[in-house]
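Values below: all heavy atoms of this structure, side chains included; hydrogens, waters and symmetry mates excluded. Every chain is numbered from 1 and lettered A, B, ... according to where its sequence line falls, protein lines coming before strand lines.
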Amino acid sequence: MKKFMNEPENFINETLEGLLSAHPNKLRSVREDNKALVRADAPVENKVAIVTGGGAGHLPLFLGYIGKGMVDGASVGEVFTASSAQQMLDTTKAVESGKGVLYIYGNYSGDVMNFDMAAEMAEEDGIRVETVIGKDDIASMPIEQKEDRRGVAGIFYLYKLAAAKAEQGANLEELKEFTEKVNNQVKTIGVALSPCVLPNVGKPAFTIEEDSMEIGMGIHGEPGIEKGSLQTADEIASNLIEKILQDYGNEKVENVSVLINGLGSTPLEELYIVYRKVSLILKDKGIDICKAYVGQYATSLEMTGLSISLLNTNEEIRSLLELPFSTPFHEQSSL
Amino acid sequence: MKKFMNEPENFINETLEGLLSAHPNKLRSVREDNKALVRADAPVENKVAIVTGGGAGHLPLFLGYIGKGMVDGASVGEVFTASSAQQMLDTTKAVESGKGVLYIYGNYSGDVMNFDMAAEMAEEDGIRVETVIGKDDIASMPIEQKEDRRGVAGIFYLYKLAAAKAEQGANLEELKEFTEKVNNQVKTIGVALSPCVLPNVGKPAFTIEEDSMEIGMGIHGEPGIEKGSLQTADEIASNLIEKILQDYGNEKVENVSVLINGLGSTPLEELYIVYRKVSLILKDKGIDICKAYVGQYATSLEMTGLSISLLNTNEEIRSLLELPFSTPFHEQSSL
Amino acid sequence: MNSLNIDDFKNIFSEISTLMNDNKNYLCELDGVLGDGDIGVTMASGFSFVKKELQEKQSLGDFGQFFRTCGSVMSEKAPSTMGTLLGSGFIKASKSLKGKESLDQSDLVELFNQINDGIQSRGKAEIGDKTILDALTPAVKALEKEKNASIETMILEAYKAAEVGMKQTIEMQSNKGRGARYQENSKGKQDPGATVAKLIFEGFRIYINQHKAI
Amino acid sequence: MNSLNIDDFKNIFSEISTLMNDNKNYLCELDGVLGDGDIGVTMASGFSFVKKELQEKQSLGDFGQFFRTCGSVMSEKAPSTMGTLLGSGFIKASKSLKGKESLDQSDLVELFNQINDGIQSRGKAEIGDKTILDALTPAVKALEKEKNASIETMILEAYKAAEVGMKQTIEMQSNKGRGARYQENSKGKQDPGATVAKLIFEGFRIYINQHKAI
Ligand SMILES: Nc1ncnc2c1ncn2[C@@H]1O[C@H](COP(=O)(O)OP(=O)(O)O)[C@@H](O)[C@H]1O
Ligand SMILES: Nc1ncnc2c1ncn2[C@@H]1O[C@H](COP(=O)(O)OP(=O)(O)O)[C@@H](O)[C@H]1O
Ligand SMILES: [Mg+2]
Ligand SMILES: [Mg+2]
Ligand SMILES: [Mg+2]
Ligand SMILES: [Mg+2]
């Protein structure tokens, strides 16, 4: 196994120590184990706070989205493992400023159960909590079981838009309602070419044959919906976009934001080759692109692959999307 | 070969088309072949323009540093191949606004010869050009042959600081002098764990044995200075930092900026594990870190590995480092 | 035997911890087939943290505090599905046992009813979904049925019911957790979570048996 | 023969282009050993673009324009080391041949002197560094030596000198370009760039020979 690491059991602790020492102006730890991180300036007054969390190994997900114009705090689990309710509660307490807290996280049972538990504990402490669960992976369940879909890279849009809306003064109920609406308009599908290696396991978590790809594979290697021989970038782009557009059904889709997300080992050049085709296809269908994001937004350690997310936008969403944000990994300036 | 691509000979053309369509507000093409790219708002009045360029396959290098607070334009070659002098000249003409142009690029003979040629052609057209050549890779030549060292990730600091200084109104001569001084204070060394695959070759460009690493390997797979079995992250960090600090010789090193650069396939988690140790070592030696950059800044397609760069700072450098910039890949906001 | 006090329960949790440790590999193997293969490790470590905390903590005046401690240690130290579910069950139970310093037969029924409820409302699984509930719920029913008998009898019957329930999961198709993604193929394999439930009752049984013997 | 005009040179470049194409694999093999294996491809394609442009372009009134065209096409279409060096040489030559519509013996010396200079000042290699210069410079010296003879003799002698120079690179250690990184191990292998120089003179020789025959 070729990893830059020391003892596998310290993998995440040391990552967190590195992150905290690299970004002291952006991040603050509120637990000795560093498993609850918040904005350096938390709690931010007069704003609903946004908390996320989940297993590690997906940087910039989840804690990497802590920052101005993004989320207020994140609890951190071990690699691919949910964090505990107590860690979530500690995060919650450190960011809330009386306006309530919105939990936004991906639909994985460990996360759901722990966040639910944290929410109950927070309510007992007099903190109002609402929850929106990211479910953007259209390959994880058929449309009829939409509520059971997993959350993947598209959660970026939930963070970004909820945060912008919160900064504009939305109250907790409005924020939840708005974020749920966004949630319904985000759709993602991924394709994997090679597996990732868990630090404490030391060998690939699964195998994908040489010259093969797996469409719909999840960010922990959950089985996909189509295995087959590797297609060209253009074929893959067409194939994935077709599936996403189909999933919108009768929804009007006229203007979208596109997110091409690398899973870890995919060169940026290749992400842009795929973006190129996506933009051509959408143009062909008369769908405008208001904003493109191309890069690493939700990874699976060193997995090779990518995902395409579309966000179906309206005017409000487009204007919120333009607002700046600043995190340790991505920034969007108003320069 | 597992790549998201179409015909290998279109790899770079399609990357460029994707980039241009994803970032229309940031980038503009000034040639039909898209091999000369400039800031969307070029030429910027009242400022020395900064031009870079080089072979493709290293995103964000080189064109990825076009933007406000960064370089004005870049010429683009094929994968790992210099661009032509004409492409450089076209870039130069599109960005210059009468204050002259500073070329900043890495020390590779193809680039040197072509930029020299472009500079001569530009002078013939009445455009003043000065040149600073990045030579930060301390593993590429011993200190006695410093002038022959290759340029790698540390060029990021040259761009950033030269751009900030240019925006403050430095004239061409001042800018060259300042950038040369910075150049002398940037040192980088890399380590590779696995090779990259050139799109038109289709198999690994070289091999690194299982459980082995190669210290000092260049970003095109140029042979390194030490092959050996894979060490822990902490050992690697110590080893590399020791070599860099030694290279500063008698120079006073009290406050540095650190850049941990992933070569393509290295998970962000692991870069932070290495950063952690680097920061501990420097602390131990009484050296302060003014600013940390951790991420992909100069890649080699899907090579696994990383490089560590140090920039020895003074007060002026530190204040310039803080100024915002915005490129398609990295942004630094004043949020 | 007609009641159990805090010290009894400390010993019972110690028995359970030993059992989880002894069955660590067995549990991991079961979870390796239907899940991610970690349940043995998390249960052994989760229960050993619980045991340690119960032994060290001073203020365990009543069963409210006792199960609050079990619940928060378990969820904090083992935030996997099983750890979180057990944690939720213990915390639910702690609320209705506030003030009690010993548990009689009907309290025992209440205890496991609450644990069962806590797990059910956290995990939202139904009977037949091939989860811990398929061993736990029958055991709770057995406790209820025997609530007029001795605690020895109650526990023995509950243990037997849990074991039967555990074996019945073999024929079930998984509908919850990681096992669910195997759909039809999840059949024929014993559910690791149900096995944990059976081991918990086994811990009670061993302790009670030793006591009866004295 | 005492002079060569623009049409002669168009034909000579056409011969060179054919030679580069015929020797594509041979050149690539040489470069594969000491470099990145592309010199045959870039030279074949570079010279074929030059040939095409020379045939299509209208305004080639003098040798200034002629070599300016050669130089800019070569550098644009083949921005490798060899393409850039040749491009620089051609452009350097174009400057001192401005206005000339035919070249006599001393112009021919001047032409190659300038090309040699252009390559030298671009690449900063010395004689003995195992580069194109180790074939080109001796050829230029031969031209100078024979500048009072016929053009046929000059070219023949230059060709022979280039070939000898090329063969002498075998024993040299590379100090420039990719070959340099092999240090001692670069010895024993013929330099691909020097081979390109020899092929260029071969192109001249073939054309001149055909002409002499008529
Ligand atoms: N929603 C649920 N409700 C009740 N039990 C569940 C649920 N989901 C999974 N389980 C139980 O959890 C067991 C797996 O536990 P564990 O290994 O901790 O899960 P994971 O490693 O996936 O977090 C399963 O065997 C099953 O009995
Ligand atoms: N600085 C230099 N000056 C003159 N010739 C050089 C120099 N560097 C390399 N060469 C020549 O260039 C040849 C290789 O050319 P080419 O294959 O185009 O290089 P690359 O592929 O590395 O760009 C070498 O065989 C050598 O003759
Ligand atoms: Mg498990
Ligand atoms: Mg697990
Ligand atoms: Mg070559
Ligand atoms: Mg080459």
Please classify the contact of B:E78 with chain D as side chain, backbone, both or neither, using a heavy-atom distance under 4.5 Å. neither
Without swapping roles, check the side chain of B:D72 against the backbone of B:I50 for a donor-acceptor pair under 3.5 Å. yes
For chain D, which candidate among B:M117, B:Q86, B:K35 shows the most heavy-atom pairs at distances under 4.5 Å? B:M117
Whether D:K130 side chain and D:S186 backbone form a donor-acceptor pair below 3.5 Å: yes
Using heavy-atom distances under 4.5 Å, tell me whether D:K124 contacts chain B through its side chain, its backbone, both, or neither. side chain
Okay, D:R181 and chain B: the region with an atom under 4.5 Å from a heavy atom over there is side chain
Lys/Arg-Asp/Glu bridge criterion (N-O < 4.0 Å) met for D:E53, D:K77: no
Test log, rule salt bridge (Lys or Arg N to Asp or Glu O under 4.0 Å), inputs D:K95 and B:E124: CA-CA 12 Å; D:K95 290 179 188 165; B:E124 279 176 28; 3.0 Å; yes
B:F80 vs B:Y108, ring pair (Phe, Tyr, Trp, His ring centres under 6.0 Å): CA-CA, chis, key distance, verdict: CA-CA 10 Å; B:F80 293 5; B:Y108 296 93; 9.6 Å; no
Which bit of B:S83 is near chain D, if near means a heavy-atom gap under 4.5 Å: side chain, backbone, both or neither? backbone
Count the heavy-atom pairs under 4.5 Å between each of B:Q87, B:M113, B:E222 and chain D, then report the option with the highest count. B:M113
